[in-house]
Every structure is written in C-alpha cells, then in structure tokens.
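Taking it in order: structure first as structure tokens, then the write-up.
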Amino acid sequence: MIHLSIKIKNTVMKKKLLLVCCILFALLANAQKYKGLAMTPPMGWNSWNTFQTNISEDLVKQTADLMVSNGMKAAGYTYIVLDDGWMAMERDSISGDLIPDPKKFPHGMKVVVEYVHSKGLKFGLYNCAGTKTCAGYPGTRGYEYQDARFYASLNIDYLKFDWCSSDGLNAKESYTTMSKALQTAKRPIIFSLCEWGNNKPWAWAKEVGQLWRTTGDIANIFDGIKTFDTWHANGVMTIVDMQDSLRKYAGPDHWNDPDMLEVGNGMTVAEDRTHFSMWCMLSAPLMTGNDIRKMTSAAKATLTDKDIIAIDQDAAGIQAFKYADKDSVQTWLKPLQNGDWAICFLNRSSTTKAIQHDWKSNTVYDSLSAKEFNAVKNMYKLKDLWAKMETGNTEKIFQTVLPPHDVVMLRLSK
Ligand code: GLA
C-alpha cells in the first residue's frame with residue numbers, strides 16, 4: 001500500500017514537473033527580443049542620410065569624438081550606427097563570415113567598436129533580411145545565426161535590419177528568426193526593423209524588436225515626395241501624415257520609427273526645428289543623419305535642445321495625437337508623465353498664421369492613455385520650449401504668431 005501511494009504521488013509529481021518543463025520550454029521558445037533595451041526612444045547618429053556607403057574608420061572616430069565634445073552625448077545621443085556599405089562585397093569564402101571592407105576599415109571592425117565604447121558611446125551595424133543589402137552587399141538570409149554570433153563577437157549594441165532582396169520571404173518570420181538569432185548569441189543588441197511599414201510591423205513586432213520603420217525613406221524636404229530613378233523618398237510632413245493612426249502601437253521598448261533625422265541637411269532653420277519638434281512629439285527614435293563635423297550652430301542648437309528632447313524621452317512613452325487641423329495649422333498633443341502635457345502648434349503653410357487657443361474650452365481626454373487635460377479643473381503653467389520662456393498659464397487665452405513651416409511648442413505643467 002505504502003509503496004503504491006508513493007508511486008501515485010510520483011506520477012502526479014512527474015506530471016507536474018512535465019507541465020512546468022513544457023511551460024518553461026514554451027516561454028524560452030517564444031523568448032525573442034532582449035527586454036528593456038529601449039525604455040525611451042533610442043538616440044544616436046546614423047551614417048546613411050549624408051554619407052551613404054562612403055564611410056570609414058576615420059569618419060566613425062571623428063564622429064564619436066565630436067559627439068562627446070559638442071554636447072550631443074550629454075544631450076542623450078548614444079548610438080553610432082554604420083548603415084549600408086561597411087562590408088566587403090563577398091563573405092569569407094571558407095567561414096562564410098561577413099568581412100568589414102578592408103579599405104574603409106583597415107584595422108577591422110572590433111577596433112572601431114572598442115574606440116566608440118571607450119568614449120562611453122554604443123555602436124551599431126546594418127544588414128538586411130534578404131540575400132543582399134539595398135546597396136548590393138551580402139545580406140543575412142540563410143546566415144542569421146552566424147551573423148548574430150559575428151555581431152556578438154564584435155560587441156555591437158544595435159542592429160538595423162533592412163528588407164531589400166527579400167522576394168518570397170515572410171517579413172514576420174524573417175525578422176523573428178533574426179531576433180531569435182540575436183537572443184541565442186547572448187549579446188543585448190537593439191534590433192531595429194526596417195521594412196518600411198510594408199507588412200504592418202506595428203501589429204507584430206513588439207516582441208521582435210525595439211523599433212520598426214513605419215514608412216519608406218525620408219528626404220531632406222519639408223513636404224511632398226522626392227523622386228529618384230527607381231524610387232522615391234518622403235518629405236517630413238508626408239511622413240508626419242502617416243503616423244497619427246499608429247500611436248496605439250508604440251510605447252516603452254517598442255517604438256514607431258518614422259526614419260532618421262534630416263536636421264542639418266538642407267532645410268531652413270524653421271523647417272529643421274519643426275521636423276525635430278514633431279519627431280519628439282511622436283516619441284520617435286532620434287537618429288541624427290547629418291555630418292556633425294560640419295554642423296552649423298543652428299543645427300546643433302536644434303538637435304541638442306534639452307527641453308524638446310525631454311518631450312521625446314518622457315518616461316510615459318506616449319506618442320502624440322493630432323487634436324486639430326484647420327487652415328494649415330495643426331495642433332498636436334502629447335500626454336507626459338506626472339500629468340504634464342506637450343502641445344505643438346504647427347504651421348504647414350508658407351504664410352504666417354496668427355493663432356489663439358482657449359485652454360478652458362478645449363478640455364481633452366485621451367482614451368488611449370486615460371490622461372485628461374482640463375484647464376477648468378486645474379491651472380497649468382506654460383513654458384514655451386524653443387523660446388525658453390515661461391508664458392503665463394491656462395487662465396488666459398494663448399495667442400501667438402506662427403511663421404511659415406514653423407512651430408510653437410509648449411509644456412504645460414500643473
Ligand atoms: C534602405 C533603408 C535606408 C538605408 C538604405 C541603405 O533604403 O530604408 O534607411 O538603410 O536602405 O541601403
């Protein structure tokens with residue numbers, strides 16, 4: 001009898017153990033991205049918008065040095081990411097490993113990564129889910145685990161993963177495979193999906209990576225489309241128009257990415273300010289894309305404005321929404337932590353606009369975040385973030401003049 005009851009107990013325990021093992025296995029099998037790497041939108045510099053494939057060890061070192069000395073690092077810019085063009089045209093014929101271009105990176109890539117790390121910054125690389133990158137270098141298709149091990153061996157911190165030469169591939173499967181490969185390689189690497197929003201990554205990529213592109217490439221124009229031979233790129237406002245419906249998908253550790261910044265790349269100072277303001281309202285990753293060795297003081301001031309960056313980096317991680325759109329002036333609102341709000345009045349037209357906003361008759365309830373702005377119940381102080389001025393409170397109607405293509409951005413605090 002005693003013997004029998006022990007046997008039964010053992011069988012029950014065995015079943016329980018089996019169940020626990022199954023659950024653990026299922027959890028591990030589903031474990032994909034490293035958690036907690038991007039609780040606020042990543043900030044850094046990426047080579048593509050200015051340099052395309054003309055990159056080098058010297059460029060990285062100069063950029064790293066400047067990011068430390070010009071205040072960018074202190075403002076929060078952390079990642080230096082080499083986009084397309086860092087590789088040789090072929091993999092190693094014996095090992096199959098990727099090879100950094102020996103002309104551009106004569107001492108290999110590890111030295112470059114170590115240099116960037118020695119400055120207290122982090123380092124990222126680019127590849128593609130398809131068989132070739134967009135510029136024709138070796139893609140990762142079929143080499144996911146090998147490439148992930150290679151990146152881990154270099155100690156990189158960020159991987160941007162593109163979608164060229166991907167005919168016949170399923171985006172969710174391809175990006176999930178790479179995400180799992182990165183997990184398996186056991187190095188916490190931010191995984192930045194770049195399939196241009198073609199396969200609605202916002203609907204499935206939360207567990208796969210920390211950010212996903214929502215559109216095709218950005219262009220250094222304020223509005224409209226820039227057409228090239230076989231493709232086109234989107235102006236800043238064109239991209240803004242594609243973001244409003246996506247806000248519910250973004251949050252800490254999983255961000256909508258409306259593409260890298262074009263600040264300092266040819267738009268006017270006002271347009272650069274507007275571009276940067278809107279990216280911060282949208283909780284966008286802030287990857288600068290200019291040549292910071294030749295940056296004007298105006299571009300530097302825009303990119304390092306602490307008050308504006310604080311809106312982007314707000315810990316609540318709630319993307320703004322469009323509250324009003326009238327006569328080419330849009331009003332965007334972003335709930336912040338501690339009950340604060342950011343508001344951005346955006347003049348999309350090429351004429352000056354006078355605006356007035358009565359806080360008390362514009363009570364707002366954001367059902368997504370369950371945050372309320374109510375100037376009847378509460379009084380908020382106003383700070384004009386670009387002008388660096390306290391501008392009264394919500395007892396009075398707010399009036400201002402908006403120059404063409406410019407913004408006024410306020411922080412409202414109880
Ligand atoms: C695609 C991406 C860009 C850049 C280039 C590199 O177009 O969307 O951001 O990475 O490829 O070839």
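First listed ligand is number 1; within each ligand, the first listed atom is number 1. These numbers come from the heavy atoms of this one structure, side chains and all, not from hydrogens, waters or symmetry mates.
Under 3.5 Å, the side chains of Lys226 and Asn234 contain no donor-acceptor pair of N or O atoms.
Ligand 1 has no nitrogen or oxygen under 3.5 angstrom from a nitrogen or oxygen of Asp259. When only interatomic distances are considered, the shortest N/O to N/O separation between Trp48 and ligand 1 does not fall below 3.5 Å.
Ligand 1 places these atoms under 4.0 Å from at least one heavy atom of Met260: 9 (O). Taking every non-hydrogen atom of Cys194 and a distance limit under 4.0 Å, the qualifying atoms of ligand 1 come out as 2 (C), 8 (O). Atoms of ligand 1 lying under 4.0 Å from any heavy atom of Lys160, numbered from 1 in the order shown and given with element: 3 (C), 4 (C), 9 (O), 10 (O). Listed by atom number, the atoms of ligand 1 under 4.0 Å from Arg213 heavy atoms are 8 (O), 9 (O). Listed by number with element, the atoms of ligand 1 under 4.0 angstrom from any heavy atom of Cys134 are 1 (C), 11 (O), 12 (O).
The shortest separation from a heavy atom of Trp231 to ligand 1 is not under 4.0 Å, leaving the residue out of contact. In this structure, Asp162 is part of the shell of residues with a heavy atom less than 4.0 angstrom from ligand 1.
Take His357 and apply the ring pair (Phe, Tyr, Trp, His ring centres under 6.0 Å) test, not counting sequence neighbours, and it matches Phe345, Trp359. With sequence neighbours excluded, the residues forming a side-chain hydrogen bond (donor to acceptor under 3.5 Å, both in side chains) with His405 are Glu271, listed by chain and number.
Closest to atom 7 (O) of ligand 1 among all protein heavy atoms lies Asp217 OD2, 2.8 Å. At the shortest separation from atom 12 (O) of ligand 1 among protein heavy atoms lies Asp84 OD2, 2.7 Å. The protein atom (non-hydrogen) at minimum distance from atom 10 (O) of ligand 1 is Asp83 OD1, 2.6 Å.
Pairing each heavy atom of Glu262 with each of Asp272, the nearest pair is O-OD1, 3.9 Å. The minimum heavy-atom distance linking Lys306 with Ala74 is given by the pair CE-O, 4.3 Å.
No more than 12 heavy atoms of other residues, nucleotides or ligands lie within 6.0 Å of NZ in Lys300, so this atom counts as exposed by the packing criterion.
Exactly one residue among Thr238, Asn265, Leu261, Asn49 makes a side-chain contact (heavy atoms from CB on, under 4.5 Å) with Ile218. That residue is Asn49.
Annotation: cation-pi pair Arg91/Tyr143 present, NZ/CZ under 6.0 Å from the ring centroid and within 45° of its normal.
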